[in-house]
Amino acid sequence: MYHTTSPTETGSGHTAQGQRHPIGIYLKVWLMLFFLSTMSYLVDYFHLEGLLRWSLILLFMALKAGLIAAVFMHMRWERLALVYTIFLPPLVLLVLIGLMATEADYIFQLREFFFTTLSG
């Protein structure tokens with residue numbers, strides 16, 4: 001996963017231990033980000049529309065954000081509690097937004113039904 005360097009002497013007499021990540025990980029992530037960006041561009045290039053278009057755009061966006069957070073923000077090497085602290089609240093918000101959208105559609109259809117029956 002990662003390589004630790006040997007402890008080195010700092011100016012204050014304490015030892016400091018760092019970690020070094022191989023450059024290959026970053027190159028793979030850059031290639032994946034380039035690939036996902038290309039796929040996102042192709043969604044527009046092929047003129048996809050409707051739910052398929054927005055689903056693909058959001059999927060590619062979430063994958064790119066996850067890669068960036070995992071590798072470039074070093075979340076991949078953090079403790080699981082910290083990862084949950086960062087990623088769990090947005091996921092809960094997405095679930096709540098989905099529930100609100102479902103309820104909004106229900107209310108809209110219910111109002112449309114009653115307004116058409118009362119007026120006609």
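If you're wondering where the values come from, they're calculated on a predicted model, not measured in any experiment.
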In Å and rounded to the nearest 0.5 Å, what is the [atom1] to [atom2] distance from [X] to [Y]?
| X | Y | atom1 | atom2 | value |
| --- | --- | --- | --- | --- |
| Glu78 | Thr85 | CD | OG1 | 10.5 Å |
| Lys64 | Met39 | NZ | CE | 11.5 Å |
| Leu63 | Ile68 | CG | CD1 | 11.0 Å |
| Tyr84 | Ile86 | OH | CD1 | 14.0 Å |
| Leu67 | Arg76 | CG | CZ | 10.5 Å |
| Met61 | Trp54 | CE | CH2 | 10.5 Å |

In terms of hydrophobic clusters joined by side-chain contacts under 4.5 Å, are [X] and [Y] together?
| X | Y | answer |
| --- | --- | --- |
| Leu48 | Leu59 | yes |
| Phe34 | Val29 | no |
| Leu58 | Met32 | no |
| Phe35 | Tyr45 | yes |
| Leu88 | Leu93 | no |

Looking at every non-hydrogen atom in both residues, tell me the closest pair between [X] and [Y] and how far apart they are.
| X | Y | value |
| --- | --- | --- |
| Leu51 | Ser55 | O-OG, 2.7 Å |
| Met75 | Val83 | O-CG2, 3.5 Å |
| Val71 | Trp77 | O-CZ3, 3.6 Å |

Quiz item: With respect to Val92, which candidate in Val95, Leu96, Leu94 satisfies the side-chain contact (heavy atoms from CB on, under 4.5 Å) definition?
Solution: Leu96
Quiz item: How would you list, by chain and number, every residue that makes a side chain to side chain donor-acceptor pair (under 3.5 Å) with Asp105, sequence neighbours excluded?
Solution: none
Quiz item: Which class fits the ring pair Trp30 and Phe72: parallel under 30°, tilted 30 to 60°, perpendicular over 60°?
Solution: parallel
Quiz item: Are any side-chain N or O atoms of Ser40 and backbone N or O atoms of Leu36, one a donor and one an acceptor, separated by less than 3.5 Å?
Solution: no
Quiz item: Can Met100 and Ile97 be said to form a side-chain contact (heavy atoms from CB on, under 4.5 Å), step by step?
Solution: CA-CA 5 Å; Met100 288 187 296; Ile97 288 171; 4.1 Å; yes
Quiz prompt | Side-chain touch Phe113/Leu118, heavy atoms, less than 4.5 angstrom | solution = no
